[in-house]
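Here the structure comes first, spelled out in structure tokens, and everything after it is commentary.
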Amino acid sequence: MFVVTGAGPVGWTVAEQLAAAGHRVRVLTRSGTGPDNPLIEKTAVDVSDLARLGELFRGAKAVFHCIHGSQYSAKVWAEELPGAEEVVLAAAGEAGAVVVFPESLYSYSEPERPMTEKGPREARGGKRGIRTALLAARAASATDTVSVVASDFFGPRVRGAHAGERMVKPVLAEKPLMVIGNAGLPHSFTYVPDLAAAMIRAAQDPALWNRVWHAPTGPALSQRKIAAAFAAAAGVRAPRVAAVRGWVLRTVGMFSAGTRELAETLYQFERPFVMDSNASEAALGLQPTPLKEAAAATVAWWRDQEQ
């Protein structure tokens, strides 16, 4: 039996893939939601409840901790994420289960270079520093862990992302597209089903534990090129793409907290932002889904939402 905390795009996809492989899955969320499948049990629970988690983790081979902050805010992340991970690690340790985390590139302190598994993860301040601290706490924990790093998401169920609804919906409507930074620079995008597959594979082999791996991720694309891939999958014209420059976001961020949080990550879009997953692909025995196939699945899911 496996446990998945959270039913966002990552948790949902992990649960679906586990069930498709014939495994029993327990999905834990505040609301009790999750995929519909005879092998998936959905339970409403607060992950801060150590005693309750201890009961629900009992007998689990692995816990996939896929809960994110309730807001895209350094303050909220600092208030919510470390405590939640501490409780999950404690409960999983008692159950003898490895904890598998989806992770971002925020902690990487030399993002101007292609980022590899051996690259430094020492970023400080804001949301980047919080991710650094979370990785350090996992490394220090007595509970076995695996962190699987992904770049910006795309794929079915991905809404609040640079290649989510802000990109796919305008493409399908054949409207102009507005992105941030420089629309022509190479930027790595990770297909969520590939991240889920990597997390599941890493959970199954103790030789892969207590490491940071990279989810299989295809060659870096510009924002303009991934938008064109969605358009080709949809059979529509590639959109006209305009970009909001960094100085504009930084200026607006002086008056808007939400824009200020977004501006904190502008470094990812003002110069090449490339993740190398070759070493992890070899270790995990996985390859990224071809872009044409991934874009088609993404477009198909979005069209289903319109019906």
Side-chain angles (χ1 to χ4, degrees), residues 10 65-66 68-69 72 74 77-78 81-82 85 98-141 144-154 161-163 180-182 185-192 194-203 205 207-223 226 246 262-289 291:
V10 179
H65 185 56
C66 304
H68 201 43
Y72 187 68
W77 284 17
L81 300 183
E85 291 202 5
V98 63
V99 184
V100 187
F101 299 89
E103 188 50 67
S104 69
L105 291 164
Y106 282 39
S107 67
Y108 283 66
S109 42
E110 295 182 0
E112 66 279 2
R113 303 178 183 180
M115 290 166 280
T116 70
E117 297 83 350
K118 293 183 178 180
R121 291 181 284 269
E122 301 170 349
R124 296 288 181 264
K127 294 186 291 293
R128 298 181 70 193
I130 292 166
R131 301 314 306 186
T132 300
L134 290 172
L135 283 164
R138 295 170 199 167
S141 174
D144 290 315
T145 70
V146 185
S147 296
V148 183
V149 174
S151 192
D152 283 293
F153 294 158
F154 75 101
H162 293 286
I180 67 169
N182 186 325
L185 290 175
H187 187 98
S188 292
F189 291 92
T190 301
Y191 185 50
V192 163
D194 291 339
L195 169 60
M199 292 172 66
I200 292 168
R201 174 68 184 91
D205 185 353
L208 301 172
W209 296 356
N210 301 306
R211 295 278 299 275
V212 175
W213 299 102
H214 284 185
T217 298
L221 302 164
S222 68
Q223 294 179 87
I226 193 169
L262 181 61
E264 184 186 339
T265 60
L266 272 168
Y267 71 95
Q268 299 178 6
F269 296 93
E270 294 183 320
R271 51 183 179 264
F273 191 71
V274 178
M275 184 179 88
D276 183 331
S277 61
N278 287 324
S280 290
E281 289 171 27
L284 299 169
L286 298 172
Q287 296 292 317
T289 301
L291 178 61

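Keep in mind it's a predicted model, so treat the numbers as computed, not measured.
In this structure the side chain of His65 reaches within 4.5 angstrom of the side chain of Glu85, judged on heavy atoms. Taking 4.5 Å as the limit, every side-chain heavy atom of Asp144 sits out of range of all side-chain heavy atoms of Val99. In this structure, Asp152 and His187 have side chains that are in contact, with non-hydrogen atoms separated by less than 4.5 Å. Within the 4.5 Å cutoff, the side chain of Gln287 has no heavy atoms near those of the Pro216 side chain. You'll find the side chain of Pro102 reaches within 4.5 Å of the side chain of Met199, heavy atoms only.
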**OP:** Could you give me the CA-CA distance, side-chain angles and deciding distance for Ser151 and Phe273, then say whether side-chain contact (heavy atoms from CB on, under 4.5 Å) is met?
**Re:** CA-CA 9 Å; Ser151 192; Phe273 191 71; 3.9 Å; yes
Original post:
After noting the C-alpha distance and the side-chain angles of Leu286 and Arg201, does the key distance pass the side-chain contact (heavy atoms from CB on, under 4.5 Å) rule?
Top reply: CA-CA 9 Å; Leu286 298 172; Arg201 174 68 184 91; 4.0 Å; yes
**OP:** In sequence, state the C-alpha distance, the side-chain angles, and the governing distance for Glu103 and Val149, and then conclude on side-chain contact (heavy atoms from CB on, under 4.5 Å).
**Re:** CA-CA 4 Å; Glu103 188 50 67; Val149 174; 3.9 Å; yes
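Counted by atom type alone, Thr217 and Thr190 present one or more donor-acceptor pairs between their side chains at under 3.5 Å.
Among pairs with a residue in residues 105-140, those fulfilling ring pair (Phe, Tyr, Trp, His ring centres under 6.0 Å) read Trp77-Tyr106, Tyr108-His214, at least two apart in sequence or across chains.
Between Phe189 and His162, the distance separating the two ring centers is not shorter than 6.0 angstrom.
Atom OG of Ser104 and atom NZ of Lys127 lie 10.5 Å apart (nearest 0.5 Å). Separation of atoms CG (Asp194) and CZ (Phe153) is listed at 11.5 Å; rounding is to 0.5 Å. Atom CD of residue Gln268 and atom CG of residue Leu105 lie 7.0 Å apart, to the nearest 0.5 angstrom. Taking CD1 from Ile200 and CG from Leu284, the interatomic distance works out to 12.0 Å, rounded to the nearest 0.5 Å. Note: Arg124 CZ to Glu122 CD = 6.5 Å, rounded to the nearest 0.5 Å. Atom-to-atom distance recorded for Glu112:CD and Tyr267:OH is 10.5 Å, nearest 0.5 angstrom.
The only member of Arg131, Arg211, Arg121, Arg138 that meets side chain to side chain donor-acceptor pair (under 3.5 Å) when paired with Ser147 is Arg138.
Proximity of a side-chain donor or acceptor of Trp213 to a complementary backbone N or O of Ser277 within less than 3.5 Å is not detected. In this structure a side-chain-to-backbone donor-acceptor pair under 3.5 Å is present from Asn210 to Thr145. Formation of a donor-acceptor pair under 3.5 Å by the Ser107 side chain with backbone atoms of Ala123 is not found in this model.
Summarising the geometry of Val148 relative to Ala202, their closest heavy-atom pair is CG2-CB, 4.5 Å, with the distance given to 0.1 Å. The two atoms that bring Ala74 and Ile130 nearest to each other are O-CD1, 3.1 Å, heavy atoms only. Residue Ala220 comes nearest to Val274 through the heavy atom pair CB-CG2, 3.9 Å, listed as atom of the first residue, atom of the second, then distance. Heavy-atom minimum distance, Leu208 versus Ala283: CD2-O, 4.2 Å. Considering every non-hydrogen atom in both Cys66 and Val10, the closest pair reads SG-CG1, 3.9 Å.
Every residue two or more places apart in sequence or in another chain was checked for a side chain to side chain contact (heavy atoms under 4.5 Å, CB included) with Ala133, and none qualifies.
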